[in-house]
Amino acid sequence: MIGGVRSPPDESGQIAGIEAIPFGLLVFVVGVLLVTNAWAVVDAKMTVASAAREAARAYVEAENAADGWAAARGAADEVVRAGGREPSRLQLTPSSSAFARCQRMTVTAAYPIPAVTLPWIGGFGHGFTARARHSELVDPYRSGVPLGADRCDTLAP
């Protein structure tokens, strides 16, 4: 106290706090990007699993192997397009089994996922590939399709 007047308190050691606002904003933006990328991975995995399932189902319901593969590709492309993705980037790989009754057809679907996905802009880089497999049996009671090498009654469920 100087002459009965109290001196203002010393402000040394205090922080203004204004630098916390840009840091908080940066943490928020990074968090939103992480959530967006995580959802893109989950969405791609669900889309690829659906595409593999529909491709296998379309194949086993066709009349022959050539028509079956065309139907499988068309069904998978439709699922991918409905999921908002590019069908040309989907890779479908069939199993090597013949088209016959009681034969198991396995379809593997793969779709590349970008490393960074930004809303309204799209993805950049190649992060990894989402893969899914699904298998179906050609109907054992179908007419017009030859019986496969495996007997139908020996197949495991």
(request) Mind running side-chain contact (heavy atoms from CB on, under 4.5 Å) on N37 and V41 for me, showing each step along the way? (result) CA-CA 6 Å; N37 285 331; V41 170; 5.7 Å; no
(request) Count the heavy atoms of every other residue, nucleotide or ligand shown that sit under 6.0 Å from CD of E78, and state whether that count exceeds 12. (result) no
Please report, to 0.1 Å, the donor-acceptor pairs under 3.5 Å made by any side chain of residues 54-63, with sequence neighbours excluded.
none

(request) Find the distance between CZ (F128) and CD1 (I113) and round it off to the nearest 0.5 Å. (result) 4.0 Å
(request) Would you name the heavy atoms of W69 and L92 that are closest together and state the gap between them? (result) CH2-CB, 3.7 Å
(message) Measuring only between side-chain heavy atoms, which start at C-beta, is M105 closer than 4.5 Å to F99?
(response) no
(request) Answer yes if the side chains of T106 and R133 hold a donor-acceptor pair under 3.5 Å, and no otherwise. (result) no
Acceptor/donor pairs from residues 43-51 side chains to any protein atom, 3.5 angstrom cut, sequence neighbours excluded:
| residue | atom | partner | partner atom | Å |
| --- | --- | --- | --- | --- |
| D43 | OD2 | R85 | NH2 | 3.3 |
| K45 | NZ | R131 | O | 2.3 |
| T47 | OG1 | D43 | O | 2.9 |
| S50 | OG | M46 | O | 3.1 |
| S50 | OG | R53 | NH2 | 3.4 |

(message) Counting C-beta onward and ignoring hydrogens, is there a side-chain heavy-atom pair between R104 and S95 closer than 4.5 Å?
(response) no
(request) To the nearest 0.5 angstrom, please state how far the OG atom of S88 sits from the CZ atom of R81. (result) 9.5 Å
